[in-house]
Student: 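Can you read through this structure? Questions will come right after.
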2 protein chains.
Amino acid sequence: MNADITARLANLGTWQLSQASARSHKVLHARLARAGANGYEYRILAVLGDLGAVSQADLGRAAVLDRRDVTHTVRNLQARALVTRRSDPGDRRQTLVELTAAGASTLERLDAVLAEVQTEVFAALSADQRRTLLNLLQQLS
Amino acid sequence: MNADITARLANLGTWQLSQASARSHKVLHARLARAGANGYEYRILAVLGDLGAVSQADLGRAAVLDRRDVTHTVRNLQARALVTRRSDPGDRRQTLVELTAAGASTLERLDAVLAEVQTEVFAALSADQRRTLLNLLQQLS
DNA sequence: AGCTAGCGTTGGTGCCACCAACAATATCGG
DNA sequence: CCGATATTGTTGGTGGCACCAACGCTAGCT
């Protein structure tokens, strides 16, 4: 599989990191797509699941999404009746976003997808190795 | 920095892997852009540096690039006089691509950029930790 | 000879991360 | 209180990356 890759690339740590991530993303993206969602959508639903009603700005911070992507994605989720939006009476600049019941059940479904993806992506590692890997990745930041 | 991220995301191994990769990519992309190149271009130049004259198909295999992206990118590199293209007399389906002298010196420059990026991206880890990380990432494939 | 595979071209797509400019609202400091 | 600055959300993008359909030409296999 890796036999043909040129050594100049294969020897780069950043290449190995990006290839591992690309493989992971491929699995995740295919599974999310099959479930009718993309990465931004899951991220937003996940934040709303954790935090309840939250402003778009806080949503973007918690999901690490640019506010323009929050606007685009929330608009799309609202069109699919997965979230609602209302002006925040306490701060008229803000719009509060909240899961609908349909949104909450979609999130549950997607959470299960994400859990399967973790199992699949990290299948080749022991629990110990996986912990080591994730600790090292965190240490990179 | 990570204080605001929602736990549902932060606890996913795939999230941690993609965030680490995104940070790495951000550094790499900024440095390549400053040097006048992008990821696909560096990959192709790197393969040509390793292998010499090579068909586009082999180029794509060695750089892990779709053949259409090979065509697009090689065309662009040729327009910038960094590579040449000629029909392969031994197989008339194939086009051989080769670095020009300008291409070779651009590759040298970019190799130095890539080396600096490795240093920067993995700065937070000891040599031992880095080796462990890269071994684990490889084991994922 | 006929069928299949490989090659390169042309021209895309969606996802992701990133951004300029604007109007409305809130906060801060004098 | 007022002016300056910051925040918020919208509108509408961009480039990089990974991925792909369809075609004509060439090569390999039976």
Side-chain angles (χ1 to χ4, degrees), chain A residues 9 14-15 17-44 54-61 63-79 83 85-97, chain B residues 9 14-15 17-44 54-61 63-79 83 85-97:
Chain A
L9 294 176
T14 50
W15 172 268
L17 181 54
S18 74
Q19 291 300 105
S21 174
R23 285 188 296 268
S24 163
H25 180 70
K26 194 169 181 177
V27 174
L28 176 57
H29 174 246
R31 298 293 280 279
L32 280 179
R34 213 181 308 163
N38 67 33
Y40 283 9
E41 290 164 356
Y42 175 71
R43 284 154 74 171
I44 282 177
V54 69
S55 71
Q56 289 189 197
D58 283 336
L59 192 39
R61 276 186 284 267
V64 197
L65 279 175
D66 182 271
R67 64 183 191 274
R68 272 140 304 209
D69 294 316
V70 172
T71 301
H72 303 149
T73 308
V74 164
R75 184 170 57 204
N76 177 274
L77 291 171
Q78 187 179 14
V83 305
R85 281 195 277 191
R86 61 185 155 98
S87 179
D88 182 349
D91 182 341
R92 300 273 294 288
R93 294 171 299 182
Q94 300 200 328
T95 303
L96 295 177
V97 185
Chain B
L9 295 176
T14 51
W15 172 268
L17 180 54
S18 75
Q19 290 300 107
S21 174
R23 286 190 295 270
S24 163
H25 179 72
K26 194 168 182 177
V27 173
L28 175 56
H29 175 245
R31 300 291 281 280
L32 280 178
R34 214 180 308 164
N38 67 31
Y40 283 8
E41 290 164 358
Y42 174 69
R43 282 154 75 170
I44 282 176
V54 70
S55 73
Q56 290 190 197
D58 283 336
L59 193 40
R61 277 187 284 266
V64 198
L65 279 175
D66 182 89
R67 62 183 192 276
R68 272 139 303 209
D69 294 316
V70 173
T71 300
H72 303 148
T73 307
V74 165
R75 184 170 58 202
N76 177 274
L77 291 172
Q78 188 180 13
V83 304
R85 279 194 278 191
R86 58 186 156 101
S87 177
D88 181 349
D91 183 343
R92 304 270 296 285
R93 295 172 298 183
Q94 301 202 327
T95 303
L96 294 177
V97 185

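Note: hydrogens, waters and symmetry copies are ignored here, and every other heavy atom, side chains too, is used. We name chains A, B, ... by the order of the sequence lines, and we start the count at 1 in each one.
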Student: With each end axis built from five pairs of C1' atoms, what bend angle do you get for the helix from dA1(C)-dT30(D) to dG30(C)-dC1(D)? Round to 10°.
Tutor: 30°
Student: List, one per line, each side-chain donor-acceptor pair under 3.5 Å for residues 28-35 of chain A, sequence neighbours excluded.
Tutor:
residue: R31(A); atom: NH1; partner: E120(A); partner atom: OE1; Å: 3.0
residue: R31(A); atom: NH2; partner: E116(A); partner atom: OE1; Å: 2.2

Student: Which sits closer to the 5' end of DNA chain C, D91(A) or R85(B), going by the nucleotide each is nearest to?
Tutor: R85(B)
Student: Check side chain to side chain contact (heavy atoms under 4.5 Å, CB included) between S21(B) and all other residues, then give those that pass, not counting sequence neighbours.
Tutor: L17(A), S18(A), S21(A)
Student: With sequence neighbours left out, write down each residue that passes salt bridge (charged side-chain N to carboxylate O under 4.0 Å, His left out) with R85(B), or none if nothing qualifies.
Tutor: none
Student: Check whether any side-chain heavy atom of L96(B) sits under 4.5 Å from a side-chain heavy atom of V54(B), and report yes or no.
Tutor: no
Student: If I compare all heavy atoms of R43(A) with all of V64(A), which pair ends up nearest, and what's the gap?
Tutor: NH2-O, 2.6 Å
Student: What does T71(B) touch in the nucleic acid at a heavy-atom separation under 4.0 angstrom: a base, only the sugar-phosphate, or nothing?
Tutor: base
Student: Got a sec, which residues hit salt bridge (charged side-chain N to carboxylate O under 4.0 Å, His left out) with D58(A), two or more places apart in sequence or on another chain?
Tutor: R61(A)
Student: Does the Q94(A) side chain pair with the main chain of D91(A), one donor and one acceptor, at a distance under 3.5 Å?
Tutor: no
Student: Taking A57(A)'s backbone N and O only, do any of them form a donor-acceptor pair with R67(A)'s side chain (distance below 3.5 Å, no angle check)?
Tutor: no
Student: Strictly under 4.0 angstrom, non-hydrogen atoms only: write out the protein contact profile of nucleotides 17-24 of chain D, one letter per nucleotide from the 5' end, B, S or -.
Tutor: SBBBBB--
